[in-house]
Novice: 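My questions will all concern the structure given below.
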Amino acid sequence: MDGIKVEGATCEGKEFHVAQGPDGLFLICVATNGVTSWQRGDT
């Protein structure tokens with residue numbers, strides 16, 4: 001768990017780590033098209 005992060009913020013080097021959004025939602029660090037960012041884990 002990487003603490004509280006903002007959805008869409010960069011997370012380079014933390015691929016597949018998880019975090020919590022400020023709204024309490026589960027986030028996961030994923031790479032898409034060469035960009036690594038925090039994305040909602042429930043979609």
Side-chain angles (χ1 to χ4, degrees):
M1 179 67 125
D2 279 65
I4 298 174
K5 304 294 181 185
V6 177
E7 183 179 356
T10 186
C11 59
E12 188 173 338
K14 295 184 181 262
E15 292 83 350
F16 305 110
H17 285 217
V18 295
Q20 181 178 349
D23 53 5
L25 293 175
F26 168 76
L27 302 174
I28 187 166
C29 179
V30 294
T32 306
N33 297 325
V35 176
T36 309
S37 62
W38 291 108
Q39 300 297 320
R40 286 180 53 166
D42 64 344
T43 57

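Residues: numbered from 1 along the sequence shown. Just so it is clear, the model here is predicted, and its values are computed rather than measured.
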Novice: To the closest 0.5 Å, what do you measure between OG1 (Thr10) and NZ (Lys5)?
Specialist: 10.5 Å
Novice: Name all pairs fulfilling the disulfide (SG to SG under 2.5 Å) condition that reach into residues 5-43, sequence neighbours left out, sorted by first residue then second.
Specialist: Cys11-Cys29
Novice: When Ile, Leu, Val, Met, Phe, Trp and Tyr are grouped by side-chain heavy atoms lying under 4.5 Å apart, directly or through other members, which residues fall in the same group as Leu27?
Specialist: Trp38
Novice: Not counting sequence neighbours, which residues clear side-chain hydrogen bond (donor to acceptor under 3.5 Å, both in side chains) with Glu7? List them please.
Specialist: none
Novice: Check the hydrophobic clustering (I, L, V, M, F, W, Y; side-chain heavy atoms under 4.5 Å; chains of links allowed) and say if Phe26 and Val30 are grouped together.
Specialist: yes
Novice: List, one per line, each side-chain donor-acceptor pair under 3.5 Å for residues 12-21, sequence neighbours excluded.
Specialist:
unit_1: Lys14; atom_1: NZ; unit_2: Asp2; atom_2: OD2; d: 2.9
unit_1: Glu15; atom_1: OE1; unit_2: Gly13; atom_2: N; d: 3.4
unit_1: His17; atom_1: ND1; unit_2: Asp2; atom_2: OD1; d: 2.8
unit_1: His17; atom_1: ND1; unit_2: Asp2; atom_2: OD2; d: 3.4

Novice: Kindly write out the residues that satisfy salt bridge (charged side-chain N to carboxylate O under 4.0 Å, His left out) with Asp42, not counting sequence neighbours, or none if the list is empty.
Specialist: Arg40
Novice: Applying side-chain contact (heavy atoms from CB on, under 4.5 Å), name anything that partners Ala31, two or more places apart in sequence or on another chain.
Specialist: Thr36
